[in-house]
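In listed order, ligands and their atoms are each counted from 1. The residues of the chain are indexed from 1 along the displayed sequence.
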Amino acid sequence: MISFVWAEDKNHVIGINGHLPWKLPNDMRQFKDVTMNHPIVMGRKTFESFPNGPLPKRLNIVISRNPDYQVPKGVVLISDKEQLKNFVKADDEVMVIGGAGIFKLFEKDVDRLYLTRIDHEFDGDTKMVDLDYSQFELVEKKEGIMDKNNIYPHTFETYQKVN
Ligand SMILES: NC(=O)c1ccc[n+]([C@@H]2O[C@H](COP(=O)([O-])OP(=O)(O)OC[C@H]3O[C@@H](n4cnc5c(N)ncnc54)[C@H](OP(=O)(O)O)[C@@H]3O)[C@@H](O)[C@H]2O)c1
């Protein structure tokens with residue numbers, strides 16, 4: 001099964017200058033909870049945005065068109081989505097974590113969405129793909145708790161594809 005995991009602002013912005021536009025530790029925690037022990041699939045630029053390298057306790061799968069792109073030991077490099085099945089089990093929940101091009105690539109395959117909606121407008125250069133929400137139903141919605149470290153209103157939503 002393929003799931004998307006991402007956070008977006010009011011205008012569907014997801015990134016700026018190769019990074020997240022916001023600091024929201026609650027979303028980092030949610031991301032960790034949702035992806036832990038699952039394979040994560042990401043574009044080369046998202047992989048390079050991690051300050052401390054591959055994310056632990058998750059198989060990191062990086063997509064690049066460059067077959068010579070160097071990844072650290074334990075990280076899997078693929079050049080198209082057909083190769084994914086060689087590295088994941090049929091019953092894995094595979095977490096596609098962006099960025100925009102990779103969400104586009106898996107748009108037709110996705111079954112579940114884990115979306116953090118941030119109720120704020122940020123400058124950005126990367127936006128989430130336009131998903132057809134009529135194909136999904138909202139199965140869970142949880143308000144994020146604001147505090148001095150989490151200053152933007154945010155909501156965690158989970159959608160499931162309707163068959
Ligand atoms: N808010 C969020 O939840 C969230 C999530 C993820 C990322 N982001 C942000 O989004 C930005 C990065 O996203 P992005 O869209 O610019 O880049 P990206 O999707 O992370 O990476 C793009 C790269 O992926 C490879 N790629 C893309 N499509 C491919 C295909 N069809 N086949 C093979 N390889 C392919 C290419 O790598 P090569 O150039 O090496 O060929 C391409 O340059 C950053 O600002 C990041 O912080 C935000």
Next item on the list: Check ligand 1 against I16 and write out every atom of the ligand that is under 4.0 Å from a heavy-atom position of the residue.
Entry: 45 (O)

Check: Under a 4.5 Å cut-off applied to non-hydrogen side-chain atoms, are T158 and R112 in contact?
Finding: yes

Check: In terms of heavy-atom contacts, does CG of D80 have more than 12 from other residues, nucleotides or ligands at under 6.0 Å?
Finding: yes

Check: Out of V41, I61, V76, I2, which one pairs with V88 under the side-chain contact (heavy atoms from CB on, under 4.5 Å) rule?
Finding: I61

Checklist line | Nearest protein heavy atom with distance in Å, relative to atom 8 (N) of ligand 1 | finding: I14 O, 3.8 Å

Item checked: Pairs where residues 1-15 contributes a residue and the test side-chain hydrogen bond (donor to acceptor under 3.5 Å, both in side chains) is met, not counting sequence neighbours -> S3-E93, W6-E8, E8-H12, N11-E121

Check: Which atoms from ligand 1 have a heavy atom of L20 less than 4.0 Å away?
Finding: 1 (N), 2 (C), 4 (C), 47 (O), 48 (C)

Next item on the list: Under 4.0 Å from a heavy atom of R44: give me the atoms of ligand 1 that qualify, with their elements.
Entry: 21 (O), 23 (C), 24 (O), 37 (O), 38 (P), 39 (O), 40 (O), 43 (O)

Note to self: List ligand 1 atoms under 4.0 Å from W6, heavy atoms only on the residue side.
What the structure shows: 3 (O)

Note to self: I'd like to know if the side chain of T35 pairs up with that of R58 as donor and acceptor (distance under 3.5 Å, no hydrogens or angles considered).
What the structure shows: yes

Next item on the list: Not counting sequence neighbours, which residues clear side chain to side chain donor-acceptor pair (under 3.5 Å) with Q135? List them please.
Entry: D132, K161

Checklist line | Nearest-0.5 Å distance, CG of residue L55 to CZ of residue F31 | finding: 5.5 Å

Next item on the list: Give the numbers and elements of all ligand 1 atoms closer than 4.0 Å to a heavy atom of G101.
Entry: 15 (O), 19 (O)

Check: Looking only at distance, does K45 have an N or O less than 3.5 Å from an N or O of ligand 1?
Finding: yes

Notebook entry, point to check: Do F4 and L138 sit in the same hydrophobic cluster, where Ile, Leu, Val, Met, Phe, Trp and Tyr count as joined when their side-chain heavy atoms come under 4.5 Å apart?
Noted result: yes

Next item on the list: Starting from atom 13 (O) of ligand 1, locate the nearest protein heavy atom and write down its residue, its atom name and how far away it is, to 0.1 Å.
Entry: G99 CA, 3.5 Å

Check: If we only count N/O pairs under 3.5 Å, is I97 in contact with ligand 1?
Finding: no

Check: Can you tell me the protein heavy atom closest to atom 28 (N) of ligand 1 and the distance?
Finding: R65 NH2, 3.6 Å

Note to self: As a test of the contact definition, would atom 42 (C) of ligand 1 count as having a protein heavy-atom neighbour under 4.0 Å?
What the structure shows: no

Next item on the list: Please state whether H19 comes within less than 4.0 angstrom of ligand 1, counting heavy atoms only.
Entry: yes

Item checked: Residues K81, D109: salt bridge by 4.0 Å N-O rule -> yes

Margin query: Just checking D33: does its CG atom have more than 12 heavy atoms from other residues, nucleotides or ligands closer to it than 6.0 angstrom?
Written below: yes

Margin query: At under 4.0 Å between heavy atoms, is it the side chain or the backbone of L105 that contacts ligand 1, or both, or neither?
Written below: side chain

Notebook entry, point to check: When you measure from atom 32 (N) of ligand 1 to every protein heavy atom, which one gives the shortest distance, and what is it?
Noted result: S79 O, 3.5 Å

Margin query: If only side-chain N and O atoms count, and only distance matters, is there a donor-acceptor pair under 3.5 Å linking Y114 with E140?
Written below: no

Checklist line | Residue part near ligand 1, for T126, under 4.0 Å between non-hydrogen atoms | finding: side chain

Next item on the list: Check ligand 1 against G15 and write out every atom of the ligand that is under 4.0 Å from a heavy-atom position of the residue.
Entry: 9 (C), 45 (O)

Check: Is T46 close to ligand 1, meaning an N/O of one under 3.5 Å from an N/O of the other?
Finding: yes

Checklist line | Candidate list T155, N26, D27, test side chain to side chain donor-acceptor pair (under 3.5 Å), partner T116, passing option | finding: D27

Check: Which bit of W22 is near ligand 1, meaning a heavy atom under 4.0 Å away: side chain, backbone, both or neither?
Finding: side chain

Note to self: Quick test: of every protein heavy atom, which one is nearest to atom 15 (O) of ligand 1, and how far off is it to 0.1 Å?
What the structure shows: A100 N, 2.9 Å

Next item on the list: Considering heavy atoms of the protein only, find what lies nearest to atom 34 (N) of ligand 1 and give residue, atom and distance to 0.1 Å.
Entry: I63 CG2, 3.3 Å

Next item on the list: Quick one: look up the protein heavy atom nearest atom 3 (O) of ligand 1 and list residue, atom name and how far away it is.
Entry: A7 N, 2.8 Å

Notebook entry, point to check: Looking only at protein heavy atoms, which one is nearest to atom 44 (C) of ligand 1, and how far off is it?
Noted result: G18 C, 3.6 Å

Checklist line | Basic-acidic side-chain contact under 4.0 Å: K104, E107 | finding: yes

